[in-house]
Amino acid sequence: MVVAERDEAAGRAAADRIGGLFVATDVTDRTQVEAAVAAAVSEFGSVDILVNNAWGGGGIGRVERKTDEQIAGGIAVGYYGPFWAMCAAHPHMKARGWGRVINLCSLNGVNAHMGSLEYNAAKEALRALTRTAAREWAPTGVTVNALCPAAKSQAFFRALGDYPELEAMADAANPMGRMGDPYDDIAPVAVFLASEASRYLTGNTLFADGGSHINGVAWAPDLDT
């Protein structure tokens with residue numbers, strides 16, 4: 001397994017935990033993305049499973065206050081990075097007649113969460129890419145699916161930032177009464193999508209969210225404070 005990560009300390013730690021290979025990668029740079037895929041091919045002979053899960057931050061703010069740089073940055077990380085990785089990996093998957101692409105998308109875009117335009121836009125663009133690639137690549141034995149999680153990950157807590165009270169609100173708004181656990185609730189779904197058991201599933205968006213997508217979202221921070 002290859003861990004392609006911009007943060008060297010975090011990337012090496014993750015690779016060490018799983019006995020994988022760390023490749024320093026900034027997903028906003030196509031050359032680095034392609035180099036990460038090439039490293040996987042060199043180390044393991046091919047690429048069987050691609051998981052696109054990078055995000056580079058972003059702040060909470062109203063639509064009209066977002067800058068061109070924020071929007072461009074979100075699209076670069078959340079859309080172009082996965083696009084480049086998919087284009088680089090697909091020939092190797094096609095050659096073997098088997099492949100799994102898992103794109104981490106978000107309820108933020110599906111439900112239009114307030115304050116996170118660049119993230120919402122990038123993730124919805126990624127879902128469109130997911131469906132289009134799934135349709136085009138289905139005859140090659142490669143499946144492409146989107147996974148929208150709702151979990152208390154490190155990114156979740158970073159996103160709360162100045163709104164720590166929203167953790168309790170998120171729990172209360174969830175139909176199951178809690179936000180999920182990244183390892184116990186989300187990871188098994190990703191493992192399924194990466195397995196042979198998901199061979200007849202492609203172009204789908206799976207909501208591992210405790211039912212949060214059913215009724216939308218009540219999260220409405222005061223963006224003027």
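For reference, positions follow the sequence shown, starting with 1.
Arg127 places a side-chain heavy atom less than 4.5 Å from the side chain of Arg131. Annotation: side chain of Val101 is in contact with side chain of Met93 (closest heavy-atom distance under 4.5 Å). Between Val51 and Ile49, the closest side-chain pair of non-hydrogen atoms falls below 4.5 Å. Considering only heavy atoms from C-beta on, Arg12 stays 4.5 Å or farther from Val3 through its side chain. Within the 4.5 Å cutoff, no side-chain heavy atoms of Val23 are placed close to those of Glu5. Put simply, the side chain of Asn52 does not reach to within 4.5 Å of the side chain of Ile102, judged on heavy atoms.
Pairing each heavy atom of Ala85 with each of Val37, the nearest pair is O-CG2, 4.1 Å. Nearest approach of Phe207 to His213, heavy atoms of both residues: CB-ND1, 3.4 Å. Leu50 and Ala89 make their closest contact through CD2-CB, 4.3 Å (heavy atoms, listed as atom of the first residue, atom of the second, distance). Ala150 and Met179 get closest at one heavy-atom pair: C-CE, 3.8 Å. Between Ala133 and Met86, the shortest heavy-atom distance links the atoms CB-CE, 3.6 Å. When all heavy atoms of Ala36 and Ala4 are compared, the pair lying nearest together is CB-CB, 4.0 Å.
Without hydrogens or angle criteria, Asp26 side chain to Thr28 main chain gives a donor-acceptor distance under 3.5 Å. Panel note: side chain Asn204, backbone Thr202; a donor-acceptor pair is recorded below 3.5 Å. Put simply, the side chain of Lys94 never gets that close to the backbone of Gly99: no donor and acceptor are under 3.5 Å apart. Although no hydrogens or angles enter the test, the distance criterion places no donor-acceptor pair under 3.5 Å between the side chain of Asn174 and the main chain of Gly211. Asp181 places no side-chain N or O within 3.5 Å of a backbone atom of Asp185 that could act as its donor or acceptor partner. Proximity of a side-chain donor or acceptor of Asn145 to a complementary backbone N or O of Leu201 within less than 3.5 Å is detected. Distance alone, capped at 3.5 Å, places no donor-acceptor pair between the Thr132 side chain and the Leu129 backbone. Side-chain atoms of Gln70 come within 3.5 Å of backbone atoms of Thr67 as a donor-acceptor pair (strictly under, hydrogens ignored). With hydrogens and angles ignored, the 3.5 Å screen pairs a side-chain donor or acceptor of Ser198 with a backbone N or O of Phe192. When atom types are taken as modelled, the side chain of Ser106 and the backbone of Asn108 share a donor-acceptor pair closer than 3.5 angstrom.
The structure places CG of Asn111 at 8.5 Å from CG of Asp209, a figure rounded to the nearest 0.5 Å. One distance of note links CD of Glu43 with CE of Met1; it measures 13.0 Å at 0.5 Å rounding. Separation of atoms NZ (Lys66) and CD1 (Ile60) is listed at 6.5 Å; rounding is to 0.5 Å.
Taking a cutoff of 4.0 Å between a charged side-chain nitrogen and a carboxylate oxygen, Glu118 and Lys123 do not qualify as a salt bridge. A salt bridge between Arg6 and Asp29 is absent, with no side-chain N of the basic residue lying under 4.0 Å from a carboxylate O of the acidic one.
One hydrophobic cluster, built from ILVMFWY side chains closer than 4.5 Å, holds both Val47 and Val33. With hydrophobic clusters built from ILVMFWY side chains whose heavy atoms lie under 4.5 angstrom apart, Tyr79 does not share a cluster with Leu104. With hydrophobic clusters built from ILVMFWY side chains whose heavy atoms lie under 4.5 angstrom apart, Trp84 shares a cluster with Ile75. Under the 4.5 Å side-chain heavy-atom criterion for ILVMFWY residues, a single connected hydrophobic cluster contains both Leu126 and Val77. Leu206 and Trp137 sit in two unconnected hydrophobic clusters of ILVMFWY residues. Membership requires side-chain heavy atoms under 4.5 Å apart, directly or through other members.
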Stepwise side-chain contact (heavy atoms from CB on, under 4.5 Å) check, Arg100 with Val142: CA-CA 6 Å; Arg100 300 287 182 266; Val142 179; over 6 Å; no
Evaluation steps, side chain to side chain donor-acceptor pair (under 3.5 Å), between Thr143 and Arg199: CA-CA 7 Å; Thr143 67; Arg199 64 187 179 275; over 6 Å; no
Audit row: Arg62, Leu117, side-chain contact (heavy atoms from CB on, under 4.5 Å) steps and yes/no: CA-CA 8 Å; Arg62 300 187 66 86; Leu117 172 62; over 6 Å; no
Audit row: Glu124, Val110, side-chain contact (heavy atoms from CB on, under 4.5 Å) steps and yes/no: CA-CA 7 Å; Glu124 284 298 274; Val110 176; 3.7 Å; yes
Evaluation steps, side-chain contact (heavy atoms from CB on, under 4.5 Å), between Leu193 and Ser195: CA-CA 6 Å; Leu193 288 175; Ser195 73; over 6 Å; no
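By the neighbour-count criterion of 12 heavy atoms within 6.0 Å, atom NZ of Lys152 is densely surrounded, having more than that number from other residues, nucleotides or ligands.
The only option from Val189, Leu107, Ile186 that meets the side-chain contact (heavy atoms from CB on, under 4.5 Å) definition with Pro149 turns out to be Ile186.
Trp55 and Tyr119 have perpendicular rings, their planes meeting at more than 60° on a 0 to 90° scale where under 30° would count as parallel. Below 30°, between 30° and 60°, or above 60°: for Tyr80 and Phe83 the angle between ring planes is above 60°, a perpendicular geometry.
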